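This structure is a prediction, so every number in the text was calculated from the model and none was measured.
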Amino acid sequence: MGNEEHGRLRGADIVIHATPGDTAVERLSALEKELAGKILIDVANATQDGPDGLPGDLLYPGGSLAERLQAVLPATRVVKTLNTMLFTVMTAPGTLSTPPTVYLSGNDPEAKTTVSRILADLGWRQEWIEDLGDVTTARATEATVLLVPHVLRRHGFQPFAVSLAR
């Protein structure tokens with residue numbers, strides 16, 4: 001990351017993390033100073049690839065990428081969200097035939113409120129947003145990525161989200 005990119009990062013209040021989860025801790029910990037005080041929206045899942053290149057196992061069993069990021073970025077407000085769906089659903093949740101659910105995990109209630117407003121701007125209705133609690137709850141949503149290869153193998157590359165039925 002060059003000086004120009006560092007400058008842009010310093011000017012942002014909210015940063016979206018969508019890089020590969022297996023290198024995220026190392027990559028983002030190098031930006032600890034630039035990310036201090038910001039909201040980091042983490043949409044990544046840290047997995048080890050299976051034989052077909054799809055997620056095969058979790059990189060941090062008994063933990064989560066979001067927890068690791070919060071630990072190495074203590075002055076950053078990490079919010080895990082949008083990681084339980086095919087990427088096409090992130091900005092078009094209304095395209096699914098069943099109302100989807102988007103989950104929030106994070107330690108900072110104000111940051112989660114801000115992220116909820118961003119989600120609403122992306123088309124997520126309030127009743128579709130589920131605040132699970134602190135950052136440790138990201139373990140559950142990150143584990144759902146293990147469903148993805150099975151769904152894709154069975155149904156192909158079709159939009160889906162892991163949702164709560166109510």
Check: Who pairs with Asp52 by salt bridge (Lys or Arg N to Asp or Glu O under 4.0 Å), at least two apart in sequence or on another chain?
Finding: Arg153
Next item on the list: Test side chain to side chain contact (heavy atoms under 4.5 Å, CB included) on Ile39 and Asp13 and set out the steps.
Entry: CA-CA 6 Å; Ile39 295 172; Asp13 294 325; over 6 Å; no
Next item on the list: With sequence neighbours excluded, give me every ring pair (Phe, Tyr, Trp, His ring centres under 6.0 Å) pair touching residues 89-138.
Entry: none
Check: Tell me, which pairs form a salt bridge (Lys or Arg N to Asp or Glu O under 4.0 Å) where one or both residues lie in residues 71-99, sequence neighbours left out?
Finding: Asp42-Lys80, Arg77-Asp108, Arg77-Glu110, Lys80-Glu142
Next item on the list: Kindly indicate, with the supporting measurements, whether the criterion side chain to side chain donor-acceptor pair (under 3.5 Å) is fulfilled by Glu67 and Ser64.
Entry: CA-CA 5 Å; Glu67 288 173 276; Ser64 69; 3.0 Å; yes
Notebook entry, point to check: Nearest 0.5 Å, what's the CG-CG distance between Leu31 and Leu73?
Noted result: 8.0 Å
Note to self: Tell me every residue that passes side-chain hydrogen bond (donor to acceptor under 3.5 Å, both in side chains) with Thr23, counting only those two or more places apart in sequence or in another chain.
What the structure shows: Arg27
Item checked: Nearest non-hydrogen partners of Val79 and Ala111, listed with the distance -> CG2-CB, 3.8 Å
Check: When rounded to the nearest 0.5 angstrom, what is the spacing between CG in Leu152 and CG in Leu86?
Finding: 6.5 Å
Next item on the list: Assess whether side chain to side chain contact (heavy atoms under 4.5 Å, CB included) is satisfied between Val15 and Ile41, documenting all intermediate values.
Entry: CA-CA 6 Å; Val15 176; Ile41 300 174; over 6 Å; no
Item checked: Considering all heavy atoms, the nearest Ser105-Ala138 contact -> OG-N, 3.3 Å
Check: What residue among Arg125, Met90, Met85 forms side-chain contact (heavy atoms from CB on, under 4.5 Å) with Val102?
Finding: Met85
Item checked: Qualifying residues under salt bridge (Lys or Arg N to Asp or Glu O under 4.0 Å), relative to Asp131, sequence neighbours excluded -> Lys112
Notebook entry, point to check: Can you tell me how far CG of Leu82 sits from OG1 of Thr91, rounded to the nearest 0.5 angstrom?
Noted result: 9.0 Å
Next item on the list: Compare all side-chain heavy atoms of Val25 with those of Leu65 and state whether any distance is below 4.5 angstrom.
Entry: yes
Next item on the list: Could you list the residues that satisfy side-chain hydrogen bond (donor to acceptor under 3.5 Å, both in side chains) with Thr76, not counting sequence neighbours?
Entry: none
Item checked: salt bridge (Lys or Arg N to Asp or Glu O under 4.0 Å): pairs with one or both residues in residues 81-99, sequence neighbours excluded -> none
Item checked: Where Pro74 and Ala71 come nearest, the two heavy atoms and their spacing -> CD-O, 3.7 Å
Next item on the list: Go through the structure and list residues passing side-chain hydrogen bond (donor to acceptor under 3.5 Å, both in side chains) with Thr84, not counting sequence neighbours.
Entry: none
Next item on the list: I would like to know whether His17 and Val43 meet side chain to side chain contact (heavy atoms under 4.5 Å, CB included); could you show each step before the answer?
Entry: CA-CA 6 Å; His17 168 246; Val43 303; over 6 Å; no
Check: Tell me, do Thr47 and Asp22 make a side-chain contact under 4.5 Å, heavy atoms counted?
Finding: no
Checklist line | Asn107: partners by side chain to side chain contact (heavy atoms under 4.5 Å, CB included), with sequence neighbours left out | finding: Gln70, Asp134, Val135
Next item on the list: Just jot down the salt bridge (Lys or Arg N to Asp or Glu O under 4.0 Å) partners of Arg68, sequence neighbours excluded, or say none.
Entry: none
Would you tabulate the side-chain donor-acceptor contacts of residues 155-166 under 3.5 Å, counting partners in other chains and residues two or more places apart, or write 'none'?
unit_1: Gln158; atom_1: NE2; unit_2: His155; atom_2: O; d: 2.9
unit_1: Ser163; atom_1: OG; unit_2: Thr101; atom_2: N; d: 2.9
unit_1: Arg166; atom_1: NH1; unit_2: Glu127; atom_2: O; d: 2.9
unit_1: Arg166; atom_1: NH2; unit_2: Glu130; atom_2: OE1; d: 2.2

Checklist line | Heavy-atom side-chain proximity of Leu104 to Ile129 below 4.5 angstrom | finding: yes
Note to self: Using side chain to side chain contact (heavy atoms under 4.5 Å, CB included), reason through Leu28 and Val72 one step at a time and then give a plain yes or no.
What the structure shows: CA-CA 8 Å; Leu28 293 176; Val72 299; 6.0 Å; no
Per-pair distances, 0.1 Å, donor-acceptor, side chain in residues 143-151, under 3.5 Å, sequence neighbours excluded:
unit_1: Thr144; atom_1: OG1; unit_2: Thr141; atom_2: O; d: 2.5

Next item on the list: Return the minimal non-hydrogen interatomic distance between Gly21 and Leu59, and the atom names on each side.
Entry: O-CD2, 4.4 Å
